[in-house]
K.L.:
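Could you have a look at this structure, given as structure tokens, before my questions?
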2 protein chains.
Amino acid sequence: MDEKGVDSIMNILVESRIRLVIADDHEVVREGISAILSHQPDMRVVGMASTGPDAVSLCGRREPDVALLDLHMPQTDGVETIKQIGDVSPQTRIVVVTVYDGDEYVRRAIKAGAISYVLKSAPREDLLLAVRKAHLGLRHLSGGVVDGLAATRGEPVLTPREREVMELIAEGLSNHDVAVALNVTLRTAKAHATSIFRKLVVTDRTQALRVALRRGIVRWM
Amino acid sequence: MDEKGVDSIMNILVESRIRLVIADDHEVVREGISAILSHQPDMRVVGMASTGPDAVSLCGRREPDVALLDLHMPQTDGVETIKQIGDVSPQTRIVVVTVYDGDEYVRRAIKAGAISYVLKSAPREDLLLAVRKAHLGLRHLSGGVVDGLAATRGEPVLTPREREVMELIAEGLSNHDVAVALNVTLRTAKAHATSIFRKLVVTDRTQALRVALRRGIVRWM
DNA sequence: CGCCGCCTCCCCCCTTCGGGTGATGACAAA
DNA sequence: TTTGTCATCACCCGAAGGGGGGAGGCGGCG
């Protein structure tokens, strides 16, 4: 093979690399993911962002094959960001990379359009596999995530109204204040609370807050 | 200057680099910190660990100038790890690198022997500055951390017993169960709870849990 | 020494919470 | 249509939570 042939093959290889965008508010994490991925011969990081809106506009401009996205960024609703990226760059597969393994986070992210969910604590193989599978349109979930989902499978899910009440409880509101906030009577607020406690298998609002935080039913800051 | 001269100067430079150990349970974070620091001409990463005990033994073997330590690692008490590193490698300066900005975390880490406290969300300059200052024995705190400490300065501090009660409350125990757990009467448990609520400026245990989590008075998982 | 903070316990009082049980209308799926 | 879920509201009632005040022992500290 002559020089030209090698060159064109090289070009094809470079051009066919998986084009990646990384979005995370922690610089060390961006650098870490970038360091791991950009050493892969079949991958290429084409942009990084540190906020949700930046990530959206970046994906709109670069239209990457895969976007790695942290759900938790300041002034950013992770789920909303996923949807917006889907709007501006429909062919981009979104891999959520985060520390949260609450099953509600996973559920919502997947529902919003994310194809995969990888934990920051996962080994790098997991991350690499998720990216490559995502590029092929295949779903991939970190081990811990799958366990979490399996453990809660079949468990009752909070209704929208109940989740709303749960969020107010998580903010420290009493049943009375919840009732006022939602423009319902105290009885109704209590009924929702009781239903929530039953579903979360707890006996009071403090325990409910614990479970809701762990499960990702309410977000923390 | 001849070749040999250049070589020996290079050797001196390399040998005089700040020797670093990185401990974090998230591989992407380890890689990120490593990527940022190892590109600095005056720094050199001599080891990485992913658990507290590993970090301790690693510091014992390598005796680095600076150890970057995440407070939150599985099966690991961050404060205890700091103390142990101080024991096995007294000349190592410990820089805590973490996501938590609760002032109690900072207080405890500093008290246990950490010289600095940097947030993962801080810009890389902050991290680099902290490492260089730590090497010189100078304290450095991330901006957000300083604010957090300033905001709570002069505020009442929970007594040891109160913190103990707060932790039980955070685990979802009722006043009665707290009393049983601590082998005191219900009145005493309630008295502690009341005192805690007054100090945290809240009206009930659910709000107390919120504040305690945010302030780092109790740890989450 | 006296003072103060901490921990312990006690009293009374009222509010809030949570369980049990039941009911209504709305709306959607089968 | 029947069935089911959801959201709303209701009653009773015991348990728990929380505020107020007070008090004794104990240890540190000026």
Side-chain angles (χ1 to χ4, degrees), chain A residues 103-104 107-108 111 152-215 217-218, chain B residues 104 107-108 111 152-213 215 217-218:
Chain A
D103 60 294
E104 277 297 314
R107 242 187 267 281
R108 287 191 216 161
K111 193 173 176 189
T152 58
R153 191 158 300 156
E155 279 184 14
V157 179
L158 297 194
T159 68
R161 196 56 158 176
E162 285 166 354
R163 182 154 44 240
E164 206 171 345
V165 171
M166 184 64 244
E167 268 158 21
L168 294 175
I169 288 177
E171 286 179 19
L173 273 66
S174 66
N175 284 336
H176 174 262
D177 292 345
V178 169
V180 171
L182 297 181
N183 262 312
V184 296
T185 63
L186 175 60
R187 336 291 173 166
T188 305
K190 286 182 63 173
H192 286 310
T194 299
S195 177
I196 291 170
F197 299 154
R198 188 170 33 78
K199 287 184 177 178
L200 298 185
V201 199
V202 297
T203 58
D204 57 57
R205 53 219 295 117
T206 309
Q207 292 176 20
L209 174 51
R210 283 173 51 80
V211 174
L213 284 174
R214 183 148 18 88
R215 296 256 294 265
I217 295 169
V218 296
Chain B
E104 277 297 312
R107 243 188 266 282
R108 286 190 215 160
K111 193 174 177 186
T152 58
R153 192 157 300 155
E155 279 184 16
V157 179
L158 298 193
T159 68
R161 194 56 157 176
E162 284 165 354
R163 182 154 45 240
E164 206 170 345
V165 171
M166 184 65 244
E167 268 158 21
L168 295 176
I169 288 177
E171 286 179 18
L173 273 67
S174 66
N175 282 335
H176 174 263
D177 292 345
V178 169
V180 170
L182 298 181
N183 262 312
V184 296
T185 64
L186 175 60
R187 330 301 167 89
T188 305
K190 287 180 67 170
H192 285 310
T194 299
S195 177
I196 291 170
F197 299 155
R198 190 167 29 78
K199 287 185 177 178
L200 298 185
V201 199
V202 297
T203 57
D204 56 57
R205 55 217 297 115
T206 310
Q207 292 177 20
L209 175 51
R210 282 173 53 80
V211 174
L213 284 174
R215 296 257 293 265
I217 294 169
V218 295

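Throughout, a chain's letter reflects where its sequence line sits, starting with A, and its residues are numbered from 1.
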K.L.:
I'd like to check A:D177 versus A:L168 (side-chain heavy atoms, cut-off strictly below 4.5 Å). Are they in contact?
P.N.:
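In short, these two side chains do not touch, never coming nearer than 4.5 Å.
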K.L.:
How about A:R161 and A:L182: do any of their side-chain heavy atoms sit closer than 4.5 Å?
P.N.:
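Yes. Closest side-chain heavy atoms under 4.5 Å.
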K.L.:
Answer with base, sugar-phosphate or nothing: what part of the nucleic acid does A:A193 contact at a heavy-atom distance below 4.0 Å?
P.N.:
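Here A:A193 touches no strand at all.
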K.L.:
What is the distance, to the nearest angstrom, from the CZ atom on A:R187 to the C1' atom on C:dG19?
P.N.:
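Rounding to the nearest Å, CZ of A:R187 and C1' of C:dG19 are 15 Å apart.
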K.L.:
Got a donor-acceptor contact below 3.5 angstrom from the A:R205 side chain to the A:G172 backbone?
P.N.:
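No; judged by distance alone, with no hydrogens or angles, the pair does not exist.
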K.L.:
Using a 4.5 Å cut-off on heavy atoms from C-beta on, say whether the side chain of B:V202 contacts that of B:R210.
P.N.:
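No, every pair of side-chain atoms sits at 4.5 Å or beyond.
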K.L.:
Are any of A:T194's side-chain N or O atoms less than 4.0 Å away from OP1 or OP2 of C:dG18?
P.N.:
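For C:dG18, OP1/OP2 do not have a side-chain N/O of A:T194 under 4.0 Å.
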K.L.:
Could you check B:T188 against B:H192 for side-chain contact (heavy atoms from CB on, under 4.5 Å), going step by step and ending with a plain yes or no?
P.N.:
CA-CA 6 Å; B:T188 305; B:H192 285 310; 3.7 Å; yes
K.L.:
Output the residues of residues 203-213 of chain A in contact with DNA chain D, where contact means a heavy atom of the residue under 4.0 Å from an atom of the strand; sort by number or write none.
P.N.:
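Heavy-atom cutoff 4.0 Å gives no residues at all.
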K.L.:
Let's see if you can work this out: which of C:dC9, C:dC7, C:dC11 has an atom nearest to the side-chain heavy atoms of B:V184?
P.N.:
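Nearest to the side chain of B:V184 among the choices is C:dC9.
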K.L.:
With a 4.0 Å cut-off on heavy atoms, is B:T188 in touch with a base, just the backbone sugar-phosphate, or nothing at all?
P.N.:
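Here B:T188 touches the bases of the nucleic acid.
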K.L.:
Hey, are the side chains of B:E171 and B:V218 touching, using non-hydrogen atoms and a 4.5 Å cut-off?
P.N.:
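No, every pair of side-chain atoms sits at 4.5 Å or beyond.
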K.L.:
Starting at NZ of A:K190 and ending at P of C:dG19, how long is that distance when rounded to a whole Å?
P.N.:
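Rounded to the whole Å, the gap is 10 Å.
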K.L.:
Can you confirm whether A:K199 sits close enough to A:I196 that some side-chain heavy atom of one is under 4.5 Å from a side-chain heavy atom of the other?
P.N.:
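No. Closest side-chain heavy atoms not under 4.5 Å.
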K.L.:
So A:L186 and A:N175, do their side chains get closer than 4.5 Å, heavy atoms only?
P.N.:
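Yes. Closest side-chain heavy atoms under 4.5 Å.
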K.L.:
C:dC17 C1' sits how many Å from A:F197 CZ, rounded?
P.N.:
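Answer to the nearest Å: 8 Å.
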K.L.:
Check the distance between C:dG18's C1' and A:L186's CG and give it to me in whole angstrom.
P.N.:
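Value for this atom pair: 11 Å.
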K.L.:
Pull out every residue in residues 162-179 of chain B that has a heavy atom closer than 4.0 Å to any atom of DNA chain C, ordered by number, or say none.
P.N.:
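Heavy-atom cutoff 4.0 Å gives no residues at all.
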K.L.:
Distance check, rounded to the nearest 0.5 Å: A:L173 atom CG versus B:T206 atom OG1?
P.N.:
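One finds 10.0 Å between CG of A:L173 and OG1 of B:T206.
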K.L.:
Quick one: how far along DNA chain D does chain B reach, first to last nucleotide 5' to 3', anything under 4.0 Å to a heavy atom?
P.N.:
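Under 4.0 Å from chain B, the extent on DNA chain D is D:dA16 to D:dG19.
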K.L.:
Within a strict 4.5 Å, meaning less than it, do heavy atoms of the B:M166 and B:L200 side chains meet?
P.N.:
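Side chain of B:M166 against side chain of B:L200, heavy atoms only: contact under 4.5 Å found.
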K.L.:
Backbone N or O of B:K190 within a donor-acceptor pair of the B:T194 side chain at under 3.5 Å?
P.N.:
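Here the side-chain-to-backbone pair exists.
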